[in-house]
Each structure stands twice: as C-alpha cells, then as structure tokens.
Amino acid sequence: MIPNIKQSMRPLKLHLGAGKTTMGDGWINCDFLPSSTVDKLFDVTKEWPFPDNSVGEIYASHMLEHLHDFRGFFKESWRVMLPVSSMLLRLPYGGHKLAWADPTHTRPWFPESFCWLQPGYGEDLGSLQHYNWSWPFAIEMVQLRLNGKLVGWVDKKWKRRLLCRFLEFLDNVVDELWVHLRPVKTQEDFKSFRSTRASNVVPFQYVMYKHQMEGHELEKGEVADFVHLMDGFRLNDLE
C-alpha cells in the first residue's frame, strides 16, 4: 500500500489497445502496434512509460481477452493509477461464442473472474496462489450488455424480472461485459473495503443499448446509452 501520495501533474487518461480508434481531447491513445492514431507504443503486460500515481482514467475495449499475462497488466495499471481513479474494461462475455470466436483470445471472462483482484480474496478462499495479492482493485460495477435481439423479451418490467433470473444459464444472450474497477491503494481504503464488502461479491447490472430498446440505429454524433434492466449481486463458489 502507498501511505503518502503527492500529485504534481494533471491526471492522465489512457486509452489502451486503441488500434485505429481514438478518444477525445486529453486522452492518450496507446497500443502495442504502431499506427498513425497511436500516441504511445508499449506492451501493457510489461512496464508502462508513465510515473506512479499519474493516471486518473483508463479505458480499454476488447483488449484484456487477448492478454496472456493479465496479472502483469493489472500490476502496472495499479501502479500508475491514482487512489481516486477509475478503469473501464469492455470485453466479450464468457458465455457468448464471441469469447472464443477470435483465435487470439486467451480465455473467457465472467463477472466473477475479477473477484481475485479484490482485497482479501486469497485469504478468504484459502488458496495460496491468490495469497497476498499486492495490487488490489475493487469491482465498482459489472454491466452485462444483452443482445439487442432480445428487446421483445425485456420491453416490460415483468418480462425483465422473469428473463433476468435465468440469463446466467443461457448462452449467447449477453454479448459484452463493461467492468468498472478502482484501485485500492491506501490502508484506509483496504480496511474500509474489508469491513463493508466480501471479496467474492460482484455488483452487477443487466443492461441494453437505449437505441436498440427504442428500435433505431445510432444517429451521427449520438452517444450510445444504456437502459438498466436489473441490478443485483453475483457470488462465486465462496457463497
């Protein structure tokens, strides 16, 4: 843990695995491969070219599932992130065929797949491989985005309550995970998490794109938004 943090610069905003896409002003577009739109070239599983406690936001879309050394990624992201900062990871839901459709994907991810990052998970589980993980994150929220073809099944509240109870048992209905994480970097934050949350708890929401619910395509310049279908908590085998 880091007892004292001195911030001497404006927090950085990193767009990881940018490829040919770019974020708005103020974002640093990063990738492993060169491109005219990439600002920084580096391997996210190895040392990043940014100082400790210098990053306020991280966004990565469909990158994590390609990494062999995901532990290295989380160690470095934790190092560079400020105590009050956020990370959003978008990736295929493990129960969808797209989790494996690309042969360069290394493994499927589920909401519970991120529990090992949370403070005390190894100790609670009693598994030595997770003991003393020194780069903890808290799961703020995992949003499970449903396929737009299911709009007829969720357009009424009673339908949502019924369908959402069974979604985790169905394949190819949840397309994507939106995983919101924050680093746990102070003793106070660590103790607060341990006193208020169990390490195996994952707060989640089932969501669908608003424009799909309304039955139209996104217009030029329109930003995609979510309709929240159901909130809840997922527990893994520690339950």
Side-chain angles (χ1 to χ4, degrees), residues 1-91 106-107 109 113-123 129-143 177-194 197 199:
M1 299 300 170
I2 300 175
N4 295 304
I5 307 293
K6 292 184 179 180
Q7 183 178 339
S8 59
M9 57 187 296
R10 178 178 297 180
L12 303 175
K13 299 193 294 185
L14 306 183
H15 176 203
L16 304 179
K20 290 289 186 179
T21 62
T22 60
M23 300 285 281
D25 291 342
W27 285 86
I28 302 173
N29 300 295
C30 310
D31 205 287
F32 180 62
L33 298 173
S35 168
S36 60
T37 56
V38 172
D39 304 308
K40 285 282 187 179
L41 284 175
F42 63 96
D43 183 343
V44 295
T45 66
K46 298 180 170 55
E47 185 175 358
W48 296 12
F50 305 105
D52 296 359
N53 308 301
S54 60
V55 174
E57 293 182 65
I58 291 177
Y59 172 77
S61 178
H62 292 257
M63 181 203 70
L64 182 65
E65 66 272 20
H66 294 272
L67 303 182
H68 290 278
D69 183 13
F70 54 85
R71 291 179 180 84
F73 165 75
F74 284 112
K75 287 179 182 179
E76 274 298 287
S77 57
W78 186 94
R79 177 185 67 80
V80 303
M81 292 178 75
L82 286 158
V84 182
S85 57
S86 63
M87 179 182 341
L88 170 56
L89 303 174
R90 291 177 57 184
L91 61 157
T106 62
R107 53 152 296 149
W109 290 81
S113 300
F114 297 88
C115 286
W116 66 279
L117 290 167
Q118 300 199 104
Y121 179 77
E123 290 75 8
Q129 65 178 333
H130 294 298
Y131 254 61
N132 298 318
W133 172 252
S134 301
W135 306 269
F137 285 83
I139 302 172
E140 295 282 79
M141 179 64 65
V142 177
Q143 295 172 306
L177 299 179
W178 290 50
V179 184
H180 302 262
L181 302 171
R182 65 172 175 84
V184 178
K185 301 197 72 167
T186 66
Q187 291 291 348
E188 292 77 12
D189 198 6
F190 188 94
K191 291 177 181 178
S192 175
F193 181 95
R194 293 293 281 158
R197 287 263 301 274
S199 63

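Throughout, numbering of the chain's residues begins at 1 and tracks the sequence.
- Under the 4.5 Å side-chain criterion, counting only non-hydrogen atoms from C-beta, Leu91 is in contact with Val179.
- Checking side-chain atoms of Thr22 against main-chain N and O of Lys20 turns up no donor-acceptor pair under 3.5 Å.
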Q.
Apply side chain to side chain contact (heavy atoms under 4.5 Å, CB included) to residues Ser77 and Met87 and explain how you reach the verdict.
A. CA-CA 9 Å; Ser77 57; Met87 179 182 341; 3.6 Å; yes

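- For Pro183 against Met81, the heavy-atom pair with the smallest separation is CD-CE, 3.7 Å.
- The ring pair (Phe, Tyr, Trp, His ring centres under 6.0 Å) test with Trp116 is passed by exactly one of Trp133, Tyr131, Phe137, Trp135: Trp133.
- Across Ala138 and Val184, no two heavy atoms sit closer than the pair N-CG2, 3.8 Å.
- Inter-residue side-chain proximity for Leu67 and Val44 is flagged as met; some heavy-atom pair is nearer than 4.5 Å.
- Each of Leu89, Leu88, Leu16 was evaluated against Tyr59; a single residue qualifies, Leu88, per the side-chain contact (heavy atoms from CB on, under 4.5 Å) test.
- A donor atom on one side chain and an acceptor atom on the other are not found under 3.5 Å apart for His130 and Glu123.
- Checked against the 6.0 Å centroid threshold, Phe70 and Phe114 do not count as a close aromatic pair.
- Across all their heavy atoms, Lys40 and Pro49 have their closest contact at CD-CG, 4.4 Å.
- Using a distance-only test at 3.5 Å, with no hydrogens or angles considered, a donor-acceptor pair links the side chain of Arg197 to the main chain of Ile139.
- One distance of note links OG of Ser35 with CG of Leu33; it measures 9.0 Å at 0.5 Å rounding.
- Between the side chain of Asp31 and the backbone N or O of Gly19 there is at least one donor-acceptor pair closer than 3.5 Å.
- Side chains of Glu76 and Trp78 form no contact here, defined as non-hydrogen atoms less than 4.5 Å apart.
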Q.
Applying side chain to side chain contact (heavy atoms under 4.5 Å, CB included) to Ile28 and Met23, what does each step give before you reach the verdict?
A. CA-CA 8 Å; Ile28 302 173; Met23 300 285 281; over 6 Å; no

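- From Glu65, atom CD reaches atom CZ of Arg90 across 11.0 Å, with rounding to the nearest 0.5 Å.
- Of the possible donor and acceptor atoms, one in the side chain of Arg79 sits under 3.5 Å from a partner among the backbone N and O of Trp48.
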Q: Please step through side chain to side chain contact (heavy atoms under 4.5 Å, CB included) for the pair Phe50 and Cys30, ending with a clear verdict.
A: CA-CA 12 Å; Phe50 305 105; Cys30 310; 4.3 Å; yes

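- Summarising the geometry of Ala18 relative to Asn29, their closest heavy-atom pair is CB-CB, 3.9 Å, with the distance given to 0.1 Å.
- Using a 4.0 Å cut-off between charged nitrogen and carboxylate oxygen, Lys46 and Asp69 do not count as a salt-bridge pair.
- To the nearest 0.5 Å, atom NE2 of residue His66 and atom CZ of residue Arg107 are 14.0 Å apart.
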Q: Apply the test side chain to side chain contact (heavy atoms under 4.5 Å, CB included) to residues Phe190 and Glu188: give CA-CA distance (whole Å), side-chain angles for both, the deciding distance (0.1 Å), then the verdict.
A: CA-CA 5 Å; Phe190 188 94; Glu188 292 77 12; over 6 Å; no

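- Side-chain atoms of Ser199 never come within 3.5 Å of backbone atoms of Gln118 as a donor-acceptor pair (strictly under, hydrogens ignored).
- Once rounded to the nearest 0.5 Å, the distance linking CH2 of Trp27 with NZ of Lys13 reads 5.5 Å.
- Here the side chain of Ser85 pairs a donor or acceptor atom with the backbone of Leu82 at under 3.5 angstrom.
- Minimum heavy-atom separation, Pro51 to Ser54: O-OG, 2.7 Å.
- The shortest distance between side-chain heavy atoms of Arg182 and Ser86 does not fall below 4.5 Å.
- In this structure, Leu41 CG and Asp39 CG are separated by 9.5 Å, a value rounded to the nearest 0.5 Å.
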